[in-house]
Amino acid sequence: MRPFPLKQLRLAWHDAGTYNKNIEEWPLRGGANGSLRFEMEIKHAANAGLVNALKLLQPIKDKYSGVTYADLFQLASATAVEEAGGPKIPIKYGRVDVSEPEQCPEEGRLPGKLTVKEEISNSKKKQVW
């Protein structure tokens, strides 16, 4: 697999992975909201290297300014899966971007690393595309 698909998958996951169902107010609850485009969040330790994925998508965002970053990140991820030989993932559009860096989730909101036992358990559950 080429680096581009991996970066785009990770970018979409890190944008969406901050979602917290226990927080009712948007955008405080996180989720796929385009917040990774702000320096404040892209500099979180877990997001190391994702600035490169963001730079790859910026010309597309510049050309199609009506598309939200949140939708663009998820579309790029779905496209990466398909380009890597996986299934075509249907996308629904309409995600809303946060409008300012202060709306970014605090560092540490992404789920942590799995233990070896959890990884082994999950690997037995994985579906192959």
Does CD in E24 sit with more than 12 non-hydrogen atoms of other residues, nucleotides or ligands closer than 6.0 Å? no
Smallest separation among heavy atoms of [X] and [Y], with atom names:
X	Y	result
E107	A46	OE2-N, 4.5 Å
K61	S65	NZ-O, 3.0 Å
D15	A70	OD2-CA, 4.1 Å

Could you give the distance from [atom1] ([X]) to [atom2] ([Y]), rounded to the nearest 0.5 Å?
X	Y	atom1	atom2	value
L11	L6	CG	CG	12.5 Å
C104	H44	SG	NE2	7.0 Å
H14	L9	NE2	CG	10.5 Å

Side chains of E83 and T79: is there a donor and an acceptor less than 3.5 Å apart?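 There is no such pair between these side chains.
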Can you find a side-chain donor-acceptor pair between Y69 and Q74 that sits under 3.5 Å? no
side-chain contact (heavy atoms from CB on, under 4.5 Å) filter on I60, not counting sequence neighbours, yields L57, Y64, L72
Would you find a donor on one side and an acceptor on the other, under 3.5 Å apart, between the side chain of [X] and the backbone of [Y]?
X	Y	result
E82	I89	no
D97	S99	no
D71	Y93	no
R109	R29	yes

Check whether any side-chain heavy atom of [X] sits under 4.5 Å from a side-chain heavy atom of [Y], and report yes or no.
X	Y	answer
E106	L28	no
V96	T68	no
V51	K55	yes

Linked, directly or transitively: L54 and L50 (ILVMFWY side chains, under 4.5 Å): yes
Is there a path of hydrophobic side-chain contacts, each under 4.5 Å between heavy atoms, that joins L110 and Y19? no
Give the table of side-chain donor-acceptor pairs shorter than 3.5 Å for residues 32-40, with sequence neighbours excluded, one pair per line with atom names and distance.
unit_1, atom_1, unit_2, atom_2, d
N33, OD1, S35, N, 3.1
N33, OD1, S35, OG, 2.9
S35, OG, E41, OE1, 2.5
R37, NH1, G34, O, 2.9
R37, NH1, V98, O, 3.3
R37, NH2, V98, O, 2.6
E39, OE2, K43, NZ, 2.8

